[in-house]
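Note that the coordinates shown come from a computational prediction; the quantities given were computed from them, not determined experimentally.
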Amino acid sequence: MEWNFQSAEELAAALRAGAVTSVELTDEAIARIEREDKVINAICVPDFDRARAAARDADAARARGEDRPLLGIPVTVKESYDIAGLPTTWGMPAQRNYVPAEDAVQVSRLKAAGAVLLGKTNVPLMLRDIQSFNEIYGTTNNPWDHGRTSGGSSGGSAAALASGFGALSIGSDLAGSLRTPAHFCGVYAHKPTLGLVAARGMVAPPAPALPIDLDLDLAVVGPMARTARDLALLLDVMAGPDPLTHGVAYDVALPPARHERLADFRVLIIEDHPLIPTGSAVRAGVNRVAEALVDEGARVERRSPLLPDPAEAATLYMLLMLSNAAAGISVDVYEQLQTHAAALSADDRSLDAARLRGMVLSHRDWVEANNRRALHRHGWRQLFAEFDAVVCPITPTPAFPHDHNGGLENRHIDIDGVEYPYFDQFVWAGVATMPGLPATAIPAGRSREGLPVGVQLIGPMFEDRTPLRLAELLEQKIGGFQAPKQGVLPGVRRGRGAEDERGLGRGPRPW
């Protein structure tokens, strides 16, 4: 039997029934990676010897009567997580030889749950792109079209899942880094509520692996999978506070999903944003989900006065995100940015202006922006008293051709034939990121070219099980992951960066 595309849930059942061993699953996964990853380039740091040893240990543990949530199941881990004995580089050439001595919290939790770690998946330089390429490991190609990006920054993980390289993966998300690769590769991902999942050990080298205040930088870590139920399974393994800080005092107890039937859900559909258009393929995906909900009798609305102002939300998101991203720039560059920001017109409310102001934001102004974020969070609480979930795009388009030219600030995104600033597409990620809400990325069909299209289901804070359950019910209604036919789709132009198997290109400049 072909096991590589089975869900983690199915593999766990087969392992418990004795239909397969972890050694067999692991050998089959490794064989597939060695055969297929030459052109995808998702697994940048293989760890096959230790994986085989872990598989043998898992089989021995099961023979002793043990049973853990992921016992014997092959998985992958985003390169940015520390795994003792393997390099953690974040794509930075200067850190190519950095090898941590301890596992990240989430790697420890995977191992405690019995998972077999196949290796690490590729990322962009410093995780600062929605394409996954760097000078150390090269480019990760989209399994549906090798001339296109797999997304970022968890693009290696999404490509690995779509290619059958392990049943699960873990990634991180600040600007859609879980959701966008899932959308581009046709898999599932969940951005947890801010603070729900401990992130210690997911830090740029050579910084020490210390507990951090995620509320300052908006980032989360979370699960990726090929089914919605697998997302929930992996979130249960990952969720919980850091044992060095909040975990001293409390544990996590997520509330159940609000509903168990599609007919009972109250859903707000958002397909348009005031600051960037929605491409036709993504619009069709959003409406496919809306139609499925209506068909099942759910209450579906297209607008609500309770929705916090999306334009102000996008501006706040850019201010808060860029203030953190620019914290490490040199004094000379910082002073130049201050000069440019001071020259902005007071009435310039563009996203470009927000990004520039964010990079030189004073602490006083950051506190004011954070207070405005609190007001938006309160607005979302009021909205979720009337609705259970919000359905909206993840990015305006499906996966685009590789583009490694210059810095991100100089690139553009093509939306139905019209160019827009590359950075502007991040506003959809910010809808959930800025207020810290949970969001589940699900497949929602294909573009005319046959590329995957996903949407995100945003839920109430700390009610992660609600969008996850909605994702599961929609998977039953409209279908979910389908294995791609690897290669270049007919009629689709190859993009830059796909010139050779590893597609080496120049790394982007930091934000």
In terms of ring plane angle, is the pair Phe481 and Phe5 parallel, tilted or perpendicular, where the classes change at 30° and 60°? parallel

Under 3.5 Å, is there a donor on one side chain and an acceptor on the other for Asp82 and Thr88? yes

Out of curiosity, Asp464 CG to Leu231 CG, how far, rounded to the nearest 0.5 Å? 11.0 Å

Can we say Glu296 and Arg261 salt-bridge, meaning some charged N sits less than 4.0 Å from an Asp/Glu carboxylate O? no

Does a salt bridge link Arg469 with Glu260, judged by any charged N lying under 4.0 Å from a carboxylate O? yes

Establish, from distance only, whether the side-chain atoms of Ser157 and Ser169 form a donor-acceptor pair under 3.5 Å. yes

Contacts under 3.5 angstrom, residues 391-399 side chains, donor-acceptor by atom type, not counting sequence neighbours:
| from | atom 1 | to | atom 2 | distance (Å) |
| --- | --- | --- | --- | --- |
| Thr395 | OG1 | His183 | NE2 | 3.0 |
| Thr395 | OG1 | Thr397 | O | 2.8 |

What one should report as the nearest heavy-atom pair of Ala292 and Ile478 is CB-CG2, 3.5 Å

Drop me the distance from Leu70's CG to Lys111's NZ, to the nearest 0.5 angstrom. 14.0 Å

Hey, is Asp272 close enough to Arg283 for a salt bridge, meaning N to O under 4.0 Å? yes

Could you pull out all donor-acceptor pairs under 3.5 Å where a side-chain atom in residues 305-315 meets a protein atom, sequence neighbours excluded?
| from | atom 1 | to | atom 2 | distance (Å) |
| --- | --- | --- | --- | --- |
| Asp309 | OD1 | Ala311 | N | 3.0 |
| Glu312 | OE1 | His376 | NE2 | 2.9 |
| Thr315 | OG1 | Ala311 | O | 3.2 |

Are the charged groups of Arg411 and Asp129 less than 4.0 angstrom apart, N to O? yes

Could you check whether Asp236 pairs with Arg465 (Lys NZ or Arg NE/NH1/NH2 to Asp/Glu carboxylate O, under 4.0 Å)? yes

In short, Ala439 meets Gln456 closest at the heavy-atom pair CB-OE1, 3.6 Å

Return the orientation label for the Phe133 and His404 ring planes: parallel under 30°, perpendicular over 60°, tilted otherwise. parallel

Between Gly201 and Ala104, what is the shortest heavy-atom contact and its length? O-CB, 3.4 Å

Side chains of Thr433 and Arg179 only: does a donor on one sit below 3.5 Å from an acceptor on the other? yes

Can any side-chain N or O of His402 pair as donor or acceptor with the backbone N or O of Arg148 at less than 3.5 Å? yes

Looking at every non-hydrogen atom in both residues, tell me the closest pair between Ala471 and Ile442 and how far apart they are. CB-CG2, 3.5 Å

I'd like to know if Asp103 and Arg109 make a salt bridge, using a cut-off of under 4.0 Å between side-chain N and carboxylate O. no

Between Ser447 and Glu449: side-chain donor-acceptor atoms closer than 3.5 Å: yes

Could you tell me whether Arg299 sits above the aromatic face of Phe387, with NZ or CZ closer than 6.0 angstrom to the six-membered ring centre and within 45 degrees of the axis? yes

If you compare all heavy atoms of Thr140 against all heavy atoms of Ser150, which two are closest, and at what distance to 0.1 Å? CG2-OG, 3.4 Å

Do Ser154 and Lys78 pair up side chain to side chain, a donor and an acceptor below 3.5 Å, judged on atom types alone? yes

Among Arg303, Arg288, Arg302, find the residue that satisfies the salt bridge (Lys or Arg N to Asp or Glu O under 4.0 Å) test when tested with Glu271. Arg302

